Amino acid sequence: MSKAAPSMDAWLKEAKEQESAPQVGMYLFHNGVVRRSPKALVRGLEGSTRPITGMLFSYDREKLEAAIAAAREMEGIFYIRVWLNEGELSVGDDIMLVLIGGDIRPHVVDALQYLVGRIKDQCVSEQELR
């Protein structure tokens, strides 16, 4: 069973109350969701084209913390918050929420792409269910 996702409104409110908030000119939010289309099909790779009914999802907390710490060191980044789901997820369930705040758009976009990519490539285990 999946966990309930936190409120993005609450996250933004909290972010804007941080000491670093006056340095932030942009917040970007990523919401990964379990989709019906298989990853291989969406990415143009070989693999089953049968629809997904769900996903088994887990993550390595130490690797996640290392990825977040590395993203915090990127130029112009002043705020990061991450939530990952766990367990058996259904189509439409939230997989992850990532909020990044930084000084200018290029820095925030780069940090979001970096962090989400590192989470997906190094921190999580996803098994599509059919």
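Computation of the quantities below employed the complete heavy-atom set of this structure, encompassing side-chain atoms and omitting hydrogens, waters and symmetry-equivalent molecules. Given the structure is predicted, the values throughout are model-derived calculations rather than measurements.
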On a heavy-atom basis, which atom in [X] and which in [Y] lie closest, and how many Å separate them?
X: Leu97; Y: Phe29; value: CD2-CZ, 3.5 Å
X: Gly101; Y: Tyr27; value: CA-CD2, 3.6 Å
X: Ile77; Y: Ala111; value: CD1-CB, 3.4 Å
X: Glu86; Y: Tyr59; value: CG-CE2, 3.4 Å
X: Trp11; Y: Arg81; value: NE1-CZ, 3.2 Å
X: Trp83; Y: Ala4; value: CZ2-O, 3.7 Å

Test salt bridge (Lys or Arg N to Asp or Glu O under 4.0 Å) applied to Arg130 and Glu128, step by step = CA-CA 7 Å; Arg130 293 177 170 77; Glu128 294 177 337; 3.3 Å; yes
Taking everything shown except Arg72 itself, do over 12 heavy atoms lie less than 6.0 Å from its CZ?
->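 More than 12 heavy atoms, drawn from other residues, nucleotides or ligands, come within 6.0 Å of this atom.
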Heavy atoms from other residues, nucleotides or ligands near CD of Glu75 exceed 12 (cutoff 6.0 Å) |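 Open.
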Side chains of Asp94 and Asn31, donor plus acceptor under 3.5 Å |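 Note: Asp94 and Asn31 side chains meet the donor-acceptor criterion.
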Is it true that the side chains of Tyr79 and Glu14 contain a donor and an acceptor less than 3.5 Å apart?
->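 Looking only at side-chain atoms, Glu14 and Tyr79 do form a donor-acceptor pair, the distance falling under 3.5 Å.
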[Y] reachable from [X] in the ILVMFWY side-chain graph, under 4.5 Å edges:
X: Val34; Y: Val82; answer: yes
X: Val116; Y: Ile95; answer: yes
X: Met74; Y: Val109; answer: yes
X: Leu28; Y: Val98; answer: yes
X: Phe78; Y: Leu12; answer: yes

Distance from [X] atom [atom1] to [Y] atom [atom2], nearest 0.5 Å?
X: His30; Y: Ile119; atom1: NE2; atom2: CD1; answer: 8.0 Å
X: Asp93; Y: Lys3; atom1: CG; atom2: NZ; answer: 12.5 Å
X: Arg61; Y: Ile68; atom1: CZ; atom2: CD1; answer: 11.5 Å
X: Lys63; Y: Asp121; atom1: NZ; atom2: CG; answer: 11.5 Å
X: Leu56; Y: Ser125; atom1: CG; atom2: OG; answer: 8.0 Å
X: Ile52; Y: Glu126; atom1: CD1; atom2: CD; answer: 10.5 Å

From CA spacing to verdict: side chain to side chain contact (heavy atoms under 4.5 Å, CB included), Leu112, Asp110 = CA-CA 6 Å; Leu112 183 69; Asp110 288 349; over 6 Å; no
Considering residues at least two apart in sequence or located in another chain, which fulfil the side-chain hydrogen bond (donor to acceptor under 3.5 Å, both in side chains) criterion with Glu17?
->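 For Glu17, the residues satisfying side-chain hydrogen bond (donor to acceptor under 3.5 Å, both in side chains) (neighbours in sequence not counted) are Lys13.
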Yes or no on side chain to side chain contact (heavy atoms under 4.5 Å, CB included) for Leu129 and Leu89, after CA distance, side-chain angles and deciding distance?
-> CA-CA 9 Å; Leu129 303 174; Leu89 311 180; over 6 Å; no
So Met55 and Gln127, side chain to side chain contact (heavy atoms under 4.5 Å, CB included) or not? Walk me through it.
-> CA-CA 5 Å; Met55 172 186 293; Gln127 179 185 350; 5.8 Å; no
For Val124 and Phe57, what are the C-alpha separation, side-chain angles and deciding distance, and is it a side chain to side chain contact (heavy atoms under 4.5 Å, CB included)?
-> CA-CA 7 Å; Val124 303; Phe57 187 83; 3.5 Å; yes
Heavy-atom distance under 4.5 Å between the side chains of Ile80 and Leu115, does that happen here?
->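 With C-beta onward as the side chain, the pair touches.
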